[in-house]
J.: 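Here's a structure for you.
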Protein chains: 2
Amino acid sequence: MGVRMTDIDRIDRRILKQLQADGRISAVELADKIGLSPTSTGERMKRLQRDGYIAGFGARLDPHRLGLGLLVFVEVSLDKTTPDVFEKFAQAVKRAPEVLECHMVAGGFDYLVKTRVADMAAYRHFLGEILLALPGVKETRTYAVMEEVKSDGMLPV
Amino acid sequence: MGVRMTDIDRIDRRILKQLQADGRISAVELADKIGLSPTSTGERMKRLQRDGYIAGFGARLDPHRLGLGLLVFVEVSLDKTTPDVFEKFAQAVKRAPEVLECHMVAGGFDYLVKTRVADMAAYRHFLGEILLALPGVKETRTYAVMEEVKSDGMLPV
DNA sequence: CTCAAGAACCGAACTTTATACGGCACATGG
DNA sequence: CCATGTGCCGTATAAAGTTCGGTTCTTGAG
């Protein structure tokens with residue numbers, strides 16, 4: 001299944017690590033962190049993007065500052081007797097802005113949903129009016145996050 | 001509990017939205033997307049960072065390209081008879097690079113851990129040698145992700 | 001009402017960064 | 001040996017970031 005054209009070396013990994021931590025670092029500053037010229041650094045950055053190692057850049061926003069103080073995980077079980085439930089559910093979830101992540105899992109339930117809302121009242125509304133309103137949703141289990149021990153989600157490179 | 005000094009308006013929200021989607025957009029381009037001069041746009045960006053709405057910038061790396069093809073969630077229950085288990089567990093988790101996220105939750109278990117590894121063999125090693133080796137870990141339930149329906153984790157602004 | 005003060009925006013000058021180009025060193029394979 | 005390709009670098013040009021002064025608008029006190 002090889003779509004990849006090239007492989008990456010030690011220097012590429014250091015570039016990826018730095019860019020993951022600070023996506024707005026200049027090629028000049030990055031260059032002398034890794035001991036290369038700005039030109040070569042820029043070329044490598046462009047190659048890493050072209051080959052898909054870097055999917056994009058983004059600002060990390062503070063959810064609490066934006067009034068999204070409550071993080072909630074929901075386990076969802078679907079009624080598998082109806083056809084298309086998985087498709088419908090997946091599409092609905094992609095449209096819901098409260099849903100940050102949604103993963104189909106193997107195990108005791110079908111989907112694990114990560115949600116961020118303002119407070120419990122907002123979550124109650126989301127659960128009742130949006131999630132449970134979807135056809136085929138048989139059961140949900142809610143886990144409110146009390147403390148975010150680790151949240152950055154940085155990949156080990 | 002007001003630490004915030006200022007509030008944000010409609011224009012700030014559009015800036016945040018754009019920067020979340022593309023953290024490397026130039027102030028010039030961003031400026032005419034939102035109908036403002038590059039100067040004012042730059043000033044607002046700096047203010048949004050200073051006030052903590054923007055925590056930072058980062059590159060979005062493709063986990064599959066980096067050989068981290070398997071996403072796994074683990075529910076962890078701790079043995080609450082021992083003192084300090086929560087502290088120890090939290091600190092160990094912060095040190096583990098395989099752990100992308102870890103949240104203490106209210107409900108049937110104690111921690112929900114999000115992990116990314118190369119494959120099942122790597123996960124087996126992580127579970128046995130690292131997670132279960134921690135003192136106080138009573139029980140774990142593993143949920144391997146079969147399909148990532150939604151993964152970006154963009155906040156609604 | 002008048003006026004001073006502050007906030008937000010803008011354009012222009014200046015500084016820094018990105019990009020494109022040409023050349024150099026080195027490894028590879030015919 | 002030589003041709004080719006790759007990676008690196010320095011320079012020059014184009015673009016973006018940054019600072020500064022000045023304008024308008026709002027606000028609140030006199």
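Below, read A as the first sequence line, B as the second, and so on, with proteins coming before strands; counting in each chain starts at 1.
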J.: Measuring only between side-chain heavy atoms, which start at C-beta, is Arg95(B) closer than 4.5 Å to Gln91(B)?
T.: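 Yes. Closest side-chain heavy atoms under 4.5 Å.
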J.: Counting N and O atoms only, with roles assigned by atom type, does the side chain of Arg60(B) sit under 3.5 Å from a partner on the main chain of Asp152(B), one being a donor and the other an acceptor?
T.: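 Here the side-chain-to-backbone pair does not exist.
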J.: When the side chains of residues 121-140 of chain A are checked against the rest of the protein, which donor-acceptor pairs come out under 3.5 Å, sequence neighbours left out?
T.:
| from | atom 1 | to | atom 2 | distance (Å) |
| --- | --- | --- | --- | --- |
| Tyr123(A) | OH | Thr142(A) | OG1 | 2.5 |
| Glu139(A) | OE2 | Arg141(A) | NH1 | 3.2 |

J.: Rounded to whole angstrom units, what separation is found between the CD1 atom of Ile11(B) and the C1' atom of dA8(C)?
T.: 10 Å
J.: What is the separation between atom CG on Asp32(B) and atom P on dC10(C), rounded to the nearest whole Å?
T.: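 The answer, rounded to whole Å, is 12 Å.
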J.: Shortest non-hydrogen contact from Val93(A) to Val149(B)?
T.: CG1-CG1, 4.3 Å
J.: Could you pull out the closest heavy-atom pair between Met154(B) and Leu100(A), with the gap in Å?
T.: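 That would be O-CD2, 3.3 Å.
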J.: Is the phosphate of dC10(C), meaning OP1 or OP2, less than 4.0 Å from a side-chain N or O of Ser40(B)?
T.: yes
J.: Whole angstroms only, please: what is the CD1-C1' distance between Ile15(B) and dC9(C)?
T.: 13 Å
J.: Quick one: does His103(A)'s side chain get under 4.5 Å of Ser151(B)'s, heavy atoms only?
T.: yes
J.: I need the CZ-P distance between Arg47(B) and dT18(D), as an integer number of Å.
T.: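 It works out to 16 Å between those atoms.
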J.: Picking from dG11(C), dC9(D), dG7(D), which would you name as closest to the side chain of Arg44(A)?
T.: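 Nearest to the side chain of Arg44(A) among the choices is dG7(D).
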J.: In whole angstrom, give the distance that lies between atom CG of Leu36(B) and atom P of dC9(C).
T.: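 Taking CG of Leu36(B) and P of dC9(C), I get 5 Å after rounding.
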J.: Check the distance between dG7(D)'s P and Ile34(A)'s CD1 and give it to me in whole angstrom.
T.: 14 Å
J.: Expressed in angstrom and rounded to an integer, what is the separation of Ile8(B) atom CD1 from dA7(C) atom C1'?
T.: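 Checked: the CD1 to C1' distance equals 18 Å.
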J.: Enumerate the protein-to-nucleotides 17-23 of chain C contacts in which both atoms are nitrogen or oxygen and the separation is below 3.5 Å.
T.:
| from | atom 1 | to | atom 2 | distance (Å) |
| --- | --- | --- | --- | --- |
| dA18(C) | OP1 | Ala27(A) | N | 3.2 |
| dA18(C) | OP2 | Ala27(A) | N | 2.9 |

J.: Just how far, in rounded Å, is C1' of dA7(C) from CG of Asp9(B)?
T.: 13 Å
